[in-house]
Amino acid sequence: MSTASSISKQLKAFPPVYFALVMATGIISIGCHLLKAEVPAMILFWLNNVNYVALLTIFIGRMIWYPQQVMADLSDSAQGAGFLTFVAGSGMLGVQYCLIAKVFLPAMVLWVIALVAWVYFLYGFLFIRITGAYKPDPENGLNGGWLLMVVSTQSLSILGSQLAAHLPFSANITLFFTLSAYLLGLFFYIMLIAIIFLRMTFDPMKAQEFIPPYWVLMGAAAITALGGAVFIQSVNTSGVYTDWIPVIKVLSLMAWIIASWWIPLLAMLEIWRHFAKKVPFKYQPANWDTVFTLGMYTVSSYQLAKALQIPFLGIVPQLFIYVAALAWLVTFLSMLKSWSKHYLIQ
């Protein structure tokens, strides 16, 4: 096979979920920054810019040269929601620009890109699923990746709240939008978690089917807690929508408690999958979903402790950042090893 033909084949088959790499790297960088580890935070910030540009180039290339394959992926019930990693990845990089680089114009551009992509991919995915003739059963068509609907929506809320003082709108308008996105993301979580939990507990589930996107069950709750915490801090700064603060505090704490509850169960399922059922450890792009959820739990715990003024809750991110950073490093090295086999050695 020629080099050009090999590259063409790889481009056509490139997974839409790969922007989870940007999501994971971004949230680990943000966690390091919040915990005063500025050197790794800055290294990961610049690395994430490279990740984003490289993946965006591939993303655009696929849409130009293989539009039918892109539509086929978007139509696929099991992986179509993976396109929403582009929305969340854009949002996480935008938050990095706000918090770490303290440069707001790129963050505003990323927020607009994320918003446009959210409209296109979310409505496109749901429209195809509703109107499509083929409807797979939940066993074959539903997984935790559907909760990227929550993650992408909350990422718009979080970045929007960070930009409330910098967008060319009044804080009143911006924070109304971010509050709306926060509540919409919460609605998505409540709607989807019931269906996914029902599928997990009442349908037969093989170990091979418990794939990394199921960690988004925890991550979607954690990013909902983070969205509320960031909104509370933005409201305290701007002085608008203060009447909503008690409600958002309760909802955000509830989301964090749900995220915390998921962690032991998901860890037990991982042990069952790999050690009891002997499913081998191997790299796949969806592994970045797991890394992202660990980093998101770290950051949401930090920001919620700050927003709710609960000092002892701050112990959680100080410990969890090591788990999240180790997961990122192991996954990154596994990715490089996989790339050396599948992309470089032909």
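Keep in mind it's a predicted model, so treat the numbers as computed, not measured.
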Given the rule in the side chain to side chain contact (heavy atoms under 4.5 Å, CB included) test, do Ser234 and Leu175 qualify, once you have shown the distances and angles that lead to the verdict?
-> CA-CA 8 Å; Ser234 298; Leu175 290 175; 3.8 Å; yes

Side chains of [X] and [Y], heavy atoms from C-beta outward: is any pair under 4.5 Å?
{"X": "Leu34", "Y": "Lys306", "result": "no"}
{"X": "Ile30", "Y": "Leu99", "result": "yes"}
{"X": "Leu56", "Y": "Phe86", "result": "yes"}
{"X": "Phe332", "Y": "Leu47", "result": "yes"}
{"X": "Arg199", "Y": "Met205", "result": "yes"}
{"X": "Gln79", "Y": "Pro16", "result": "yes"}
{"X": "Trp244", "Y": "Val235", "result": "no"}
{"X": "Val240", "Y": "Phe176", "result": "no"}

Answer yes or no: is there a donor N or O on one side and an acceptor on the other, between the side chain of [X] and the main chain of [Y], under 3.5 Å?
{"X": "Asn287", "Y": "Lys282", "value": "yes"}
{"X": "Ser300", "Y": "Tyr297", "value": "yes"}
{"X": "Asn236", "Y": "Ile232", "value": "yes"}
{"X": "His33", "Y": "Glu38", "value": "no"}
{"X": "Ser29", "Y": "Thr25", "value": "no"}
{"X": "Thr224", "Y": "Ala220", "value": "yes"}
{"X": "Ser152", "Y": "Met149", "value": "yes"}
{"X": "Asp289", "Y": "Trp215", "value": "no"}
{"X": "Asp76", "Y": "Ala72", "value": "no"}
{"X": "Ser157", "Y": "Thr153", "value": "no"}

If you look at every heavy atom in [X] and [Y], which pair is closest and at what distance?
{"X": "Asp73", "Y": "Arg62", "result": "OD2-NH2, 2.7 Å"}
{"X": "Trp256", "Y": "Ser301", "result": "NE1-OG, 2.8 Å"}
{"X": "Cys98", "Y": "Leu163", "result": "SG-CD2, 3.6 Å"}
{"X": "Ala307", "Y": "Lys249", "result": "O-CE, 4.1 Å"}
{"X": "Pro212", "Y": "Gln284", "result": "CD-NE2, 3.7 Å"}
{"X": "Leu156", "Y": "Trp118", "result": "CD1-CG, 3.6 Å"}

Point-to-point distance, once rounded to the nearest 0.5 Å, from [atom1] of [X] to [atom2] of [Y]:
{"X": "Leu115", "Y": "Ile113", "atom1": "CG", "atom2": "CD1", "answer": "11.0 Å"}
{"X": "Ile193", "Y": "Leu217", "atom1": "CD1", "atom2": "CG", "answer": "4.0 Å"}
{"X": "Gln303", "Y": "Gln233", "atom1": "CD", "atom2": "CD", "answer": "4.5 Å"}
{"X": "Leu93", "Y": "Ser155", "atom1": "CG", "atom2": "OG", "answer": "12.0 Å"}
{"X": "Ile258", "Y": "Leu253", "atom1": "CD1", "atom2": "CG", "answer": "10.0 Å"}
{"X": "Trp146", "Y": "Arg129", "atom1": "CH2", "atom2": "CZ", "answer": "6.0 Å"}

Kindly determine whether Ile248 and Tyr241 satisfy side chain to side chain contact (heavy atoms under 4.5 Å, CB included), including the steps that lead there.
-> CA-CA 11 Å; Ile248 302 302; Tyr241 299 116; over 6 Å; no

Between Thr331 and Trp288, do the side chains contain an N or O donor and an N or O acceptor separated by less than 3.5 Å?
-> no

Donor-acceptor side-chain pairing of Tyr182 and Ser252 below 3.5 angstrom |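 Looking only at side-chain atoms, Ser252 and Tyr182 do form a donor-acceptor pair, the distance falling under 3.5 Å.
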
Is the distance from the ring center of [X] to that of [Y] below 6.0 Å?
{"X": "Tyr97", "Y": "Trp111", "value": "no"}
{"X": "Phe83", "Y": "Phe125", "value": "no"}
{"X": "Phe177", "Y": "Phe169", "value": "no"}

Above 12 or not: heavy atoms from other molecules or residues under 6.0 Å from [atom1] of [X]?
{"X": "Phe202", "atom1": "CZ", "answer": "no"}
{"X": "Trp272", "atom1": "CH2", "answer": "yes"}
{"X": "Lys102", "atom1": "NZ", "answer": "yes"}
{"X": "Lys135", "atom1": "NZ", "answer": "yes"}
{"X": "Trp46", "atom1": "CH2", "answer": "no"}

When hydrophobic residues are tied together by side-chain contacts of less than 4.5 Å, even through go-betweens, does [X] share a cluster with [Y]?
{"X": "Ile43", "Y": "Val330", "answer": "no"}
{"X": "Leu35", "Y": "Val39", "answer": "no"}
{"X": "Phe121", "Y": "Leu159", "answer": "yes"}
{"X": "Phe312", "Y": "Ile321", "answer": "yes"}
{"X": "Leu326", "Y": "Ile28", "answer": "no"}

Please test Glu270 against Phe210 for side chain to side chain contact (heavy atoms under 4.5 Å, CB included), starting from the C-alpha separation and ending with a verdict.
-> CA-CA 8 Å; Glu270 285 288 354; Phe210 181 67; 3.8 Å; yes

Can you check side chain to side chain contact (heavy atoms under 4.5 Å, CB included) on Gln154 and Met296, steps first, answer last?
-> CA-CA 12 Å; Gln154 296 293 6; Met296 180 53 67; over 6 Å; no

Between Phe197 and Trp262, how do the two ring planes meet: parallel, tilted or perpendicular, split at 30° and 60°?
-> perpendicular

